[in-house]
Undergrad: 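Following this message is one structure expressed as structure tokens.
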Amino acid sequence: MMTITAIAVHCQERAMIWYFGNQVGIDFNNANPQELTNSSMVAEAGCSSICDTMGSLLFYTNGKKVWNRNHQQMPNGDSLKGSQLLNQNSVITPLPNSNTNYYLFTISDLDTIRGFNYSIIDMNMDNGLGDLAVKNVLIENNVLEKITAVEHCNGKDYWIIIHGHQNKFYSYLLTEEGFSDIAIESIVGTSPKADIGYMKVSPNSNKIVLPINDEELLAEVCTFNNRTGTISDPIKVYSKHDQTYCYGLAFSSSGNMLYLSTRGMDYRIWQYNLEENNEISLNESAINISGGNNFAMQLAPNGKIYIASENRPYINAINKPNALGIDCNYESQAITFSQSTSLMGLPNFMQTWLYKPIFNIENTCLNDTTIFSFNPNETTDSCRWNIYNSSGLEIASFNNYYDFYVFDDTGNYRVELNIFHCGVNDVIEDIIGIFPYPVSELVPDTSMCNNCTLELDAGAGFDSYLWSDSSTNQ
């Protein structure tokens with residue numbers, strides 16, 4: 001028996017409400033996502049939204065205008081430099097250690113020269129509804145329609161990452177002192193041929209994926225150093241069919257699985273296992289999980305990946321993104337809309353808000369050797385496991401990423417994993433059950449006549465069955 005546990009450790013409440021498409025909205029604050037019909041925004045492609053730390057809406061944008069929580073345009077919230085022609089035109093980040101100031105970063109498209117800009121939204125303005133205190137500050141010209149953001153591994157600052165022409169990444173740091181316009185430059189990888197599609201950092205903040213879209217390559221997977229902002233070690237992801245290009249992409253909540261949507265002459269979604277960390281094995285891990293009308297992809301607070309479906313009254317979903325192959329459970333028309341339609345884009349978020357690290361537990365029968373494992377990323381310094389019995393007493397502790405323990409009694413136990421990085425401690429935990437070894441009461445030795453039959457029943461309550469004739473029924 002194996003348990004895979006994923007627990008949210010970051011501020012996913014910030015991403016609880018989405019506005020996108022043709023006046024489409026979704027609220028993830030409840031157990032089941034709820035349709036919202038109060039949006040004032042049409043966003044053909046790029047868009048962003050943000051909530052407070054309780055999951056209540058603050059504002060949203062299509063890169064050109066900003067609407068407050070009452071769905072009114074902010075007084076100074078027009079004429080932003082963020083083009084609706086771009087797939088990825090904006091991202092919103094709080095100012096560290098501030099509950100009132102937010103940075104809205106945009107990518108503009110003026111006379112074919114794209115620029116990277118920021119505005120500052122002060123939520124104290126306009127009687128607490130917010131307004132733009134600073135607007136359209138140009139940082140860099142000649143950039144691609146790519147922007148993503150991720151928490152610094154210190155747990156308080158933020159990296160904002162864009163891509164220039166040729167093969168140059170720019171990583172900018174936002175601290176409580178404000179935005180630094182001195183970029184960390186990384187010249188690495190292949191220059192994108194077609195400027196289309198989304199760039200994203202993994203939720204565990206150790207990988208960044210950039211669409212390349214030339215004759216051979218869909219994308220490249222690079223290593224992102226969350227301490228320094230540098231990007232290195234590109235791994236090529238090759239096209240499976242001629243004349244196709246990568247449009248949407250998303251990571252599973254653990255960061256272990258990557259999904260790419262392709263368009264052109266072949267419409268598919270491909271899954272890649274990022275635990276295969278070299279070019280050959282990563283490309284061999286590719287599994288086609290779906291075809292169809294799939295555009296932008298975005299991980300949600302519930303751990304599912306949602307997929308825009310252009311001009312359709314629904315979006316699709318990958319329900320179990322951490323699972324391998326078709327077990328990831330692609331679902332068409334996962335969320336339907338009563339009054340509006342999805343277009344090409346979905347909101348762009350700080351990806352680490354959606355990080356849910358996982359640990360694996362194998363062999364949970366009494367007297368088995370129970371195995372505990374966690375796959376660390378480049379930012380992980382160390383870890384510590386603690387195991388507690390039902391009375392809350394600690395019965396074991398160890399510090400390895402892979403270790404084992406033999407339980408001496410059945411029952412429920414709390415397993416706690418502390419993950420240390422940059423002086424920050426993330427904690428994930430789960431309750432596991434240790435069960436008696438399965439024993440099946442079959443019939444005693446029995447003599448049988450020719451052409452007679454006897455039904456053997458192994459009993460209910462077991463995870464799986466395997467008979468000597470290869471049958472798997474009870």
Side-chain angles (χ1 to χ4, degrees), residues 1-13 16 28-32 53-55 151 153 155 203-204 252-256 301-304 319-323 327 352-377 379-441 458-465 474:
M1 181 182 296
M2 177 167 61
T3 299
I4 300 178
T5 296
I7 303 292
V9 295
H10 285 269
C11 192
Q12 65 179 7
E13 289 79 13
M16 282 295 183
F28 289 95
N29 279 290
N30 300 306
N32 295 314
T53 55
M54 301 299 292
E151 285 182 328
C153 70
N204 58 354
S252 64
S253 59
S254 69
N256 292 342
N302 61 10
K304 300 181 180 183
N319 290 310
K320 298 179 179 179
N322 287 306
D327 288 343
T352 34
W353 290 340
L354 303 164
Y355 178 39
K356 296 181 181 179
I358 62 174
F359 60 73
N360 296 329
I361 301 176
E362 300 178 65
N363 306 331
T364 55
C365 289
L366 186 63
N367 298 322
D368 270 351
T369 298
T370 302
I371 299 172
F372 300 84
S373 61
F374 170 69
N375 183 29
N377 61 52
T379 66
T380 306
D381 296 320
S382 62
C383 75
R384 184 180 71 249
W385 302 84
N386 299 304
I387 305 174
Y388 302 89
N389 64 18
S390 58
S391 299
L393 179 67
E394 182 180 297
I395 61 172
S397 178
F398 38 88
N399 297 317
N400 300 317
Y401 297 123
Y402 177 94
D403 219 316
F404 57 88
Y405 183 75
V406 179
F407 290 87
D408 59 8
D409 198 2
T410 58
N412 292 327
Y413 296 83
R414 180 166 64 89
V415 178
E416 178 186 273
L417 175 62
N418 293 265
I419 306 166
F420 301 96
H421 58 96
C422 293
V424 178
N425 178 20
D426 288 334
V427 181
I428 56 177
E429 61 180 38
D430 193 24
I431 303 297
I432 66 166
I434 300 299
F435 303 97
Y437 216 87
V439 176
S440 177
E441 297 292 338
F462 299 110
D463 290 334
S464 61
Y465 303 85
Q474 176 182 324

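As the structure is a computational prediction, the values presented were derived from the model and not from experiment.
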Undergrad: Only counting residues at least two apart or in another chain, list the ones meeting salt bridge (charged side-chain N to carboxylate O under 4.0 Å, His left out) with Asp381.
TA: Arg227

Undergrad: For Ser391, what residues pass the side-chain contact (heavy atoms from CB on, under 4.5 Å) criterion, not counting sequence neighbours?
TA: Asn389

Undergrad: Is a side-chain N or O of Ser254 found less than 3.5 angstrom from the main chain of Ile358, in a donor-acceptor match?
TA: no

Undergrad: Mind checking whether Trp385 and Tyr405 have ring centres under 6.0 Å apart?
TA: no

Undergrad: Using the test ring pair (Phe, Tyr, Trp, His ring centres under 6.0 Å), find all partners of Tyr413 that sit at least two apart in sequence or belong to another chain.
TA: Phe407

Undergrad: Please name all residues satisfying side-chain contact (heavy atoms from CB on, under 4.5 Å) with Thr369, sequence neighbours left out, ordered by chain then number.
TA: Phe404, Val406

Undergrad: To the nearest 0.5 Å, how far apart are CZ in Phe374 and CD1 in Ile428?
TA: 6.0 Å

Undergrad: Residues two or more places apart in sequence or in another chain: which of them pass side-chain contact (heavy atoms from CB on, under 4.5 Å) with Ser382?
TA: Phe420

Undergrad: Does Thr370 have any side-chain hydrogen bond (donor to acceptor under 3.5 Å, both in side chains) partners at least two apart in sequence or in another chain, and if so, which?
TA: none

Undergrad: Please list, chain by chain and in numerical order, all residues satisfying ring pair (Phe, Tyr, Trp, His ring centres under 6.0 Å) with Phe28, sequence neighbours excluded.
TA: Trp18, Tyr306

Undergrad: Contact between Asn204 and Pro357 at the side-chain level, heavy atoms closer than 4.5 Å - yes or no?
TA: no

Undergrad: Run the side-chain contact (heavy atoms from CB on, under 4.5 Å) test against Ser397 and tell me which residues pass, sequence neighbours left out.
TA: Arg384, Asn386, Glu394

Undergrad: My understanding is that only residues two or more places apart in sequence, or in another chain, count here; which of them pass salt bridge (charged side-chain N to carboxylate O under 4.0 Å, His left out) with Glu416?
TA: Arg414

Undergrad: Check Ser252 against Pro203 and note the closest heavy-atom contact, atom names and distance.
TA: O-CG, 3.5 Å

Undergrad: Out of curiosity, Met16 CE to Asn30 CG, how far, rounded to the nearest 0.5 Å?
TA: 9.5 Å

Undergrad: Are the side chains of Asn412 and Ser390 in contact, using a 4.5 Å heavy-atom criterion?
TA: no

Undergrad: Who passes ring pair (Phe, Tyr, Trp, His ring centres under 6.0 Å) against Tyr402, sequence neighbours left out?
TA: none

Undergrad: Please answer whether the main-chain N or O of Pro301 pairs with a side-chain N or O of Lys356 as donor and acceptor at a distance below 3.5 Å.
TA: yes

